[in-house]
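Encoded as structure tokens, the structure appears first; notes follow it.
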Amino acid sequence: MLTNKEWNEEQQRVDLVKQEITNKREKLQNNTIDLKEGVMEIRKTFFDDIRLNFDDPKERVETEAAIRQQQELLSERERSHGILHKQINVLDRMKNSPYFGRIDFHENGEEQTDTLYIGIASVMDSDEENFLVYDWRAPISSLYYDYSPGPAEYKTMVGTIEGELELKRQFIIRDGTIKAMFDTGVTIGDELLQEVLGNNANTQMKSIVATIQKEQNKIIRNEKSRFLVVQGVAGSGKTSAALQRVAYLLYRYRDTLSSDNIMLLSPNPLFNSYVATVLPELGEDNMEQETLQGFIEKQLESDIVLEGPAEQMEYYLTAPKENGFNELLSGVQFKSTLEYKKLIDRYVAVLNTEGIAFTNIIFRGKSLLSSKAIEDHFYSLDTTLSIPNRMELTAEWILKQLAKKEVKEREKEWVTEKIQLLSKDEYAAVHKKLQEMKKKEEDSFDDIELEEVLLRKAIVRKRFRSLRKKVKQLRFINIRQNYLNLFKRWYNGIEFDIQLPSDWGIICQQTMGNLEKNKLSWEDATPYLYLKYLLKGRNANYRKIRHVFIDEAQDYSPFQFAYLKEIFPYSKMTILGDFNQAIYAHTAGKPTLLSNTFYESENFEKITLTRSYRSTQQIVEFTKDLVENGELIEPFNREGSKPEVFEVHNKNSLHEYITAKVNAFQSEGHQSIAIICKTMEECQSAYKNLQSTIQVEWMNDETYSFKKGVLIIPVYLAKGIEFDAVIIYNASNEQYNSEQERNLFYTACTRAMHKLAIYAVGKKSFFLEHVSSDKYELSTLKTK
């Protein structure tokens with residue numbers, strides 16, 4: 001039990017640190033004002049000290065050098081201003097809660113015990129000699145997360161430091177006042193977690209640096225593995241740990257790594273918004289955040305219409321009885337495999353010697369260079385060179401051909417017509433060029449003749465500019481036609497040792513039908529880009545990425561993962577997910593990316609998180625019975641009420657009872673309530689029937705953020721997000737009657753932090769028959 005004297009001493013220290021933070025902030029604020037004024041002055045007087053002279057070649061070089069020097073000075077001042085602004089923001093966040101932990105560590109061989117306080121960033125004393133607060137990412141801070149009092153050690157750049165952890169103390173500090181303080185013998189005391197987890201859900205994920213658990217700390221500080229695989233049960237904090245991992249890596253490698261070198265692939269735009277504040281809260285810039293769909297769309301041609309994963313999921317869940325569904329499902333599953341990747345590799349091996357489809361180079365509606373001419377030149381090149389290298393050589397050849405065509409095009413009648421329509425500025429630019437040429441006596445033409453030559457040259461060059469750009473981008477390759485030819489060529493089978501689905505012919509027909517309409521299904525998107533990569537080479541835009549984080553990795557197919565490894569060959573990857581939440585069509589009965597089989601030849605480490613912190617113990621005990629191996633899931637000891645299951649007779653009664661339940665949840669203080677439906681189609685029906693009785697917002701796959709309140713959302717968009725209370729809209733046996741939907745139902749239920757209410761129109765789903773009856777309250781409600 002802590003004494004009053006200890007409380008007073010600790011509060012005095014909080015006051016001291018708070019004052020020092022205030023002082024530092026004032027100094028930084030004054031510096032930012034000076035820097036801002038300096039930046040404004042440089043912008044105002046940018047050209048005052050520069051002698052502009054572009055006429056003389058020597059003077060021109062000196063002029064350009066002076067401008068660059070001024071630009072660099074301005075950029076440096078602006079960068080310094082940005083850094084100071086970030087430091088001020090961190091101090092603002094620390095002022096009212098400067099730290100959350102204390103450790104007393106006695107290093108072996110030293111006389112004194114060091115007392116260290118840990119917060120979201122480091123704070124030095126007024127003399128800049130001693131740490132008042134240590135950054136949670138500092139090597140010594142790992143003692144706080146990894147050890148109980150007793151023998152302990154931490155790693156540094158020069159070796160391992162061993163000693164005795166004599167004290168570990170945790171604080172809850174609000175508005176500069178210690179609200180709770182306790183010494184603990186475990187990593188993070190239950191008292192602190194209870195305080196954090198007992199709060200309402202937020203519309204944006206918060207930093208967890210004060211409550212990082214030992215197993216999460218292993219994820220955060222892992223540096224050796226190229227592939228770090230995290231299998232974490234629902235609510236185990238895997239995404240939170242991953243975001244703290246980003247902050248740790250930016251701190252650990254701050255001289256060589258920036259947020260621009262890191263990419264997060266997330267499940268949907270709503271999730272991007274949900275996690276967007278975590279890194280800024282820790283004083284770091286956000287990394288590039290992208291959904292897999294967005295990542296793919298950026299690499300597709302603009303005229304292709306892509307079916308997104310949400311559309312595929314809707315079809316998968318709503319159309320199982322439609323004609324052609326089984327063949328489509330077979331195609332989805334086959335195109336997700338490494339066997340299909342092997343098929344494309346074999347196809348490209350054939351294309352190495354014949355058959356690549358090119359496009360005509362068109363200018364003003366006429367062909368300047370035929371696809372046949374391009375094909376002939378490409379296949380005249382040495383076949384020992386890779387296809388992408390030969391494409392680059394072909395592009396150089398095409399540019400030379402265009403240069404010849406450009407000269408001929410200058411004499412055409414359309415150029416004469418364009419000359420008459422030129423603006424005064426365009427004439428002035430040509431006139432200036434004419435005067436420069438006369439000074440150098442480069443030509444003996446008279447002014448009128450030379451002016452027309454220059455005008456014709458300028459007009460045609462401008463018109464050819466977009467053609468040259470497309471050639472440099474290798475857009476003379478017809479990727480869509482090449483992908484389509486894969487199915488045309490081998491419609492009736494294939495001569496290679498690849499096991500094709502029995503309905504391969506129908507799959508080919510379905511795919512060709514889509515491609516001929518410029519439509520690309522979700523299962524074809526990655527294979528399409530992989531073929532593009534094999535023909536054109538790696539996209540240079542992603543060379544800067546050195547670490548990729550893949551969240552909800554259980555929803556990625558083996559093909560998608562193989563493609564990402566090709567695109568990011570030198571990047572480390574952190575792969576996070578839960579096999580119990582694999583819900584997409586291609587995952588049915590298949591190993592996910594969380595399986596060791598995908599990494600056996602790689603430098604990888606796997607960490608398993610089995611403890612769930614999100615939900616109350618009663619909700620976790622309920623949901624663990626829904627899935628295979630659920631007994632391995634450990635609930636955190638936070639008490640709550642049992643989930644409720646209600647059977648109602650019809651839809652009208654359902655809406656009246658849901659309205660009453662929403663009102664009851666709100667009266668209990670729950671601020672974020674999700675009504676989770678199986679599909680977007682069901683969401684639309686629920687919204688239509690409930691909007692007149694409660695204030696509700698309907699979320700779809702184009703929703704980028706949300707506020708507290710009542711939301712209607714399909715399961716697959718709720719992944720990774722948590723709510724105070726969850727209502728399952730209709731968990732009837734008619735709605736959830738397929739074993740393939742078990743993970744979908746489990747995912748929906750595990751979004752709840754404090755309350756879970758499940759409604760069923762008619763008989764409840766057979767999934768609930770597997771849950772012990774003493775883990776939930778069952779009621780049959782009368783018709784209203």
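Predicted, not measured: the structure shown is a model, and the values here were computed from it. We use all heavy atoms of the structure for the numbers below, so side chains are in, but hydrogens, waters and symmetry mates are not.
Take Pro151 and apply the side-chain contact (heavy atoms from CB on, under 4.5 Å) test, not counting sequence neighbours, and it matches Glu164. Not counting sequence neighbours, Asp260 has no partner by the salt bridge (charged side-chain N to carboxylate O under 4.0 Å, His left out) test. Under the side-chain hydrogen bond (donor to acceptor under 3.5 Å, both in side chains) criterion, Asp92 pairs with Arg25, not counting sequence neighbours. Glu621 pairs by the side-chain contact (heavy atoms from CB on, under 4.5 Å) definition with Gln617, Lys624, Pro635, Lys775, not counting sequence neighbours. A search for side-chain hydrogen bond (donor to acceptor under 3.5 Å, both in side chains) contacts involving Glu223 returns Tyr248, Arg252, Tyr253, not counting sequence neighbours. Among residues two or more places apart in sequence or in another chain, the side-chain contact (heavy atoms from CB on, under 4.5 Å) test is passed with Arg546 by Thr256, Leu257, Asn261. For Asn286, the side-chain contact (heavy atoms from CB on, under 4.5 Å) test picks out Ala276, Leu279, Pro280, Gln289, with sequence neighbours left out. Applying the salt bridge (charged side-chain N to carboxylate O under 4.0 Å, His left out) rule to Asp114 yields no partners; only residues at least two apart in sequence or on another chain are considered. For the side-chain hydrogen bond (donor to acceptor under 3.5 Å, both in side chains) test, residues two or more places apart in sequence or in another chain that qualify with Ser266 are Asn272. Not counting sequence neighbours, the partners of Asp774 by the side-chain hydrogen bond (donor to acceptor under 3.5 Å, both in side chains) test are Ser772. With sequence neighbours left out, the salt bridge (charged side-chain N to carboxylate O under 4.0 Å, His left out) criterion links Arg13 to no other residue. With sequence neighbours excluded, no residue forms a salt bridge (charged side-chain N to carboxylate O under 4.0 Å, His left out) with Glu631.
A donor-acceptor pair under 3.5 Å is absent between the side-chain atoms of Ser97 and the main chain of Met94, judged by distance alone. Side-chain atoms of Ser571 come within 3.5 Å of backbone atoms of Ile545 as a donor-acceptor pair (strictly under, hydrogens ignored). Using a distance-only test at 3.5 Å, with no hydrogens or angles considered, a donor-acceptor pair links the side chain of Thr22 to the main chain of Lys18. Between the Glu639 side chain and the Gln618 main chain, no donor and acceptor come within less than 3.5 Å of each other. No donor-acceptor pair under 3.5 Å is formed between the side chain of Glu20 and the backbone N or O of Leu16. Remark: the backbone N or O of Glu6 is paired with a side-chain donor or acceptor of Thr3 at under 3.5 angstrom. Although no hydrogens or angles enter the test, the distance criterion places a donor-acceptor pair under 3.5 Å between the side chain of Asp125 and the main chain of Glu129.
Remark: the Asn268 side chain and the Thr291 side chain contain no N/O donor-acceptor pair separated by less than 3.5 Å. When only modelled atom types and interatomic distance are considered, Glu634 and Thr610 share a side-chain donor-acceptor pair under 3.5 Å. Looking at Ser641 and Lys755, their side chains do bring a donor and an acceptor atom within 3.5 Å of each other. Side chain to side chain, Thr574 and Arg245 meet the donor-acceptor criterion of an N or O pair below 3.5 Å. With 3.5 Å as the limit, one finds a donor-acceptor pair spanning the side chains of Gln554 and Glu552.
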Exercise for the section: Go through the steps to decide whether Met124 and Phe131 satisfy the test side chain to side chain contact (heavy atoms under 4.5 Å, CB included), and finish with yes or no. Expected result: CA-CA 4 Å; Met124 304 288 285; Phe131 282 96; 3.5 Å; yes
Exercise for the section: Test ring pair (Phe, Tyr, Trp, His ring centres under 6.0 Å) on Tyr147 and Phe105 and set out the steps. Expected result: CA-CA 11 Å; Tyr147 290 98; Phe105 181 67; 8.8 Å; no
Exercise for the section: Check the pair Asn23, Gln19 against side chain to side chain donor-acceptor pair (under 3.5 Å), reporting the backbone distance first and the verdict last. Expected result: CA-CA 6 Å; Asn23 296 341; Gln19 184 58 51; 3.0 Å; yes
Exercise for the section: Kindly determine whether Asn743 and Gln581 satisfy side chain to side chain contact (heavy atoms under 4.5 Å, CB included), including the steps that lead there. Expected result: CA-CA 5 Å; Asn743 287 356; Gln581 296 182 66; 5.8 Å; no
Exercise for the section: Start with the C-alpha distance between Glu628 and Phe579, add both sets of side-chain angles, then the distance that settles side chain to side chain contact (heavy atoms under 4.5 Å, CB included), and finish with yes or no. Expected result: CA-CA 10 Å; Glu628 188 178 355; Phe579 53 76; over 6 Å; no
Exercise for the section: Check the pair Lys238 / Gln231 against side chain to side chain contact (heavy atoms under 4.5 Å, CB included), numbers first and verdict last. Expected result: CA-CA 8 Å; Lys238 52 188 177 291; Gln231 158 56 40; over 6 Å; no
Exercise for the section: Would you sort out whether Tyr542 and Glu288 count as a side chain to side chain donor-acceptor pair (under 3.5 Å), showing the intermediate values? Expected result: CA-CA 11 Å; Tyr542 300 111; Glu288 183 175 350; 5.6 Å; no
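Looking only at side-chain heavy atoms (C-beta outward), Asp724 and Phe665 stay at 4.5 Å or farther from each other. For the pair Tyr599 and Arg226, the minimum side-chain heavy-atom distance is 4.5 Å or more. Residues Glu153 and Asp146 are not in side-chain contact: their nearest non-hydrogen atoms beyond the backbone lie 4.5 Å or more apart. Between Asp15 and Gln11 the shortest side-chain heavy-atom distance falls below 4.5 Å.
Checking each of Ile550, Val246, Val275 against Leu264 for a side chain to side chain contact (heavy atoms under 4.5 Å, CB included) leaves exactly one that passes, namely Val275. The one candidate from Phe100, Phe182, Tyr99 that meets the ring pair (Phe, Tyr, Trp, His ring centres under 6.0 Å) condition with Phe171 is Tyr99.
Aromatic ring pairs are classed by plane angle as parallel below 30°, tilted from 30° to 60° and perpendicular above 60°; the pair Phe598 and Phe561 is perpendicular. Ring geometry for Phe636 against Tyr613 counts as tilted: the plane angle lies between 30° and 60°, on a 0 to 90° scale.
For the atom pair CD1 of Ile103 and OH of Tyr145, the computed distance is 10.0 Å after rounding to the nearest 0.5 Å.
A salt bridge between Arg611 and Glu215 is absent, with no side-chain N of the basic residue lying under 4.0 Å from a carboxylate O of the acidic one. We find that Lys719 and Asp551 are not joined by a salt bridge, their nearest charged nitrogen and carboxylate oxygen being 4.0 Å or further apart.
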